[in-house]
Protein chains: 2
Amino acid sequence: MATTETRRRADAERNIAAILDAALVSFTEDPSASMAAIARAAGVGRVTLYAHFPSREVLLEAVLDRAIAAAGEVIEKATPGEGPATDALRRLLQSSWHELDQHRKLFDLAQRELGATRLRQRHREVVDHVESLLVRGQQEGVFRSDLPMTWLVTTVYSLLHAAAEDVNAGSLAAEEAAGVLEATLLPALASR
Amino acid sequence: MATTETRRRADAERNIAAILDAALVSFTEDPSASMAAIARAAGVGRVTLYAHFPSREVLLEAVLDRAIAAAGEVIEKATPGEGPATDALRRLLQSSWHELDQHRKLFDLAQRELGATRLRQRHREVVDHVESLLVRGQQEGVFRSDLPMTWLVTTVYSLLHAAAEDVNAGSLAAEEAAGVLEATLLPALASR
DNA sequence: CTCAAGTTGAACACCACTGTTCGACTTAAG
DNA sequence: CTTAAGTCGAACAGTGGTGTTCAACTTGAG
């Protein structure tokens with residue numbers, strides 16, 4: 001289905017992948033990463049970068065699309081719609097905290113550089129997964145209903161991000177992240 | 001005590017204050033705010049800005065120092081050392097969430113532009129207030145001790161920041177922020 | 001009133017980043 | 001092997017930020 005008359009050469013394909021990988025890392029590490037730095041990180045000439053992505057904006061959008069797709073896949077693998085909501089949230093945190101944090105950082109960047117409204121719909125795709133899990137938990141009576149739903153979603157993302165930052169800074173071990181998140185989020189979300 | 005042979009003229013003093021005010025807002029709204037933009041926001045010529053703050057770096061440090069001092073004062077007014085730890089935390093959130101969020105944003109920016117280590121000590125002054133309150137709560141048995149202290153501090157700051165973002169984005173009313181924070185943080189921090 | 005302190009815009013050199021063009025070179029595909 | 005697709009560095013123009021200098025102007029203090 002991707003053979004729609006693109007007919008790219010194999011090395012071009014490889015470079016595009018390397019660029020997207022490098023751009024994802026670069027953008028999440030430093031929002032103001034330059035095109036030159038990204039090209040260098042991808043092991044590719046600056047001209048090659050521009051050959052595939054004519055502008056910084058286009059590149060950012062491509063990275064974002066890819067991150068959203070990846071996040072969607074990882075989330076679905078955790079089957080957030082099955083079993084007790086509490087267990088589903090545990091599975092989600094365990095498998096996806098890192099992926100979701102990357103997405104969050106990209107979203108922040110894109111919001112600044114591409115404008116807020118333009119991103120809402122794309123962002124929704126990912127956020128909705130979390131939100132519908134929380135709604136299900138409320139219906140089951142295990143998650144609290146005394147606070148706005150937007151706030152609950154914010155709480156999940158915010159702590160996810162915080163854990164990722166701590167891991168990045170070295171003050172939290174990566175293996176402990178999911179457990180710590182669980183121990184903090186479950187009581188914060190639980191109904192009394 | 002501030003009369004130590006500075007002998008600045010009154011309008012200079014006024015301009016410096018206006019610049020620091022504008023810079024605080026500008027930096028927290030947009031980390032990449034330019035010197036020209038800050039001067040404009042302060043209602044002051046670009047040259048005047050440079051007359052008082054010879055570089056962007058110096059200005060950022062001055063803003064940071066001021067924010068730390070302000071945060072310290074606001075925190076102390078909430079008397080975090082008196083009464084039950086839970087009540088003290090409530091007072092702190094009620095009076096300081098906005099101030100603490102501003103400080104957090106500045107800290108993030110300064111960390112990127114001035115280097116991480118250089119900021120640790122200054123940051124400590126503010127963080128310690130929160131940390132010692134949490135430690136006191138642990139000793140009283142009302143706050144949990146099963147997670148690293150650094151994580152508990154991170155949790156408080158992270159949700160503080162999230163609430164401020166939501167208020168800024170319009171999805172949370174400013175008057176509700178403290179209450180929502182309380183309702184989320186207390187169960188997250190409580191011992192079982 | 002007087003004068004030093006302070007402000008201002010215009011102009012300057014400098015630098016980093018963006019995006020483009022070119023011509024020479026390398027590599028995958030048939 | 002041939003050739004079209006792709007890569008590369010160098011060099012370019014344009015933009016926007018930083019920090020400086022200067023000479024004219026305004027303002028506060030004594």
Side-chain angles (χ1 to χ4, degrees), chain A residues 2-64 106 109-110 112-115, chain B residues 2-64 106 109-110 112-115:
Chain A
T3 342
T4 14
E5 66 179 329
T6 38
R7 292 207 305 150
R8 256 193 298 263
R9 237 171 60 177
D11 58 348
E13 213 88 52
R14 244 183 298 129
N15 280 338
I16 290 176
I19 289 170
L20 287 173
D21 284 344
L24 174 63
V25 176
S26 300
F27 279 144
T28 50
E29 275 180 358
D30 174 16
S32 61
S34 73
M35 294 292 265
I38 293 170
R40 214 179 312 126
V44 142
R46 211 162 60 88
V47 184
T48 306
L49 205 177
Y50 278 105
H52 295 300
F53 303 95
S55 77
R56 197 173 198 277
E57 198 172 320
V58 171
L59 175 59
L60 178 54
E61 272 182 352
V63 171
L64 196 68
L106 277 183
L109 170 57
R112 253 194 294 278
E113 300 204 1
L114 306 180
Chain B
T3 341
T4 15
E5 67 179 329
T6 38
R7 294 207 304 151
R8 256 193 297 265
R9 237 170 58 178
D11 58 348
E13 213 88 53
R14 245 183 296 132
N15 280 338
I16 291 177
I19 289 170
L20 287 173
D21 284 344
L24 174 63
V25 176
S26 301
F27 280 143
T28 50
E29 274 179 0
D30 174 16
S32 62
S34 73
M35 293 293 264
I38 294 170
R40 213 179 312 123
V44 142
R46 210 164 60 89
V47 185
T48 306
L49 204 177
Y50 278 104
H52 294 299
F53 303 96
S55 78
R56 195 173 199 281
E57 201 171 319
V58 172
L59 175 60
L60 178 54
E61 274 183 348
V63 172
L64 197 69
L106 277 182
L109 170 57
R112 254 194 294 278
E113 301 204 359
L114 306 181

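Here is the naming used below: chain letters follow the sequence lines, and residue numbers restart at 1 for every chain. FYI, side chains are in, hydrogens and waters are out, and symmetry mates aren't considered; it's all heavy atoms of this structure.
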Is any side-chain nitrogen or oxygen of A/R56 closer than 4.0 Å to OP1 or OP2 of C/dT18? yes
How many Å lie between CZ on A/F53 and P on C/dC17, as a whole number? 20 Å
Please report the distance, rounded to the nearest Å, between CG in A/D30 and P in C/dC17. 10 Å
Under 4.0 angstrom, heavy atoms only, what part of the nucleic acid is A/S34 near: base, sugar-phosphate, or nothing? sugar-phosphate
Does B/N15 make a side-chain N or O approach to OP1 or OP2 of C/dG6 shorter than 4.0 Å? no
Using a 4.5 Å cut-off on heavy atoms from C-beta on, say whether the side chain of B/L64 contacts that of B/L109. no
Atom CZ of B/R9 and atom C1' of C/dT2 are separated, to the nearest Å, by 13 Å
Spatial distance of atom CG (A/L20) from atom NE2 (A/H52) [nearest 0.5 Å]: 10.0 Å
Interatomic distance, B/I38 atom CD1 to B/D21 atom CG [nearest 0.5 angstrom]: 12.5 Å
So which nucleotide from C/dA29, C/dG6, C/dG19 ends up closest to the side chain of A/A10? C/dA29
Calculate the interatomic distance between B/D11 atom CG and C/dT7 atom C1'; express it in whole Å. 8 Å
Using a heavy-atom cut-off of under 4.0 Å over every strand shown, decide if A/R46 touches base, sugar-phosphate, or nothing. base
Closest to the A/R14 side chain, choosing from C/dA28, D/dG9, C/dT7: C/dA28
Separation of B/R40 atom CZ from D/dT18 atom P, in whole Å? 11 Å
Atom CD of A/E57 to atom P of C/dT18: distance rounded to whole Å? 13 Å
Between B/H52 and C/dT7, is there a contact of a side-chain N or O with OP1 or OP2 at under 4.0 Å? yes
Once you round it to whole Å, what is the distance between P of C/dC17 and OH of A/Y50? 11 Å
Euclidean distance, atom CD1 of residue B/I38 to atom C1' of D/dT18 [Å, nearest integer]: 12 Å
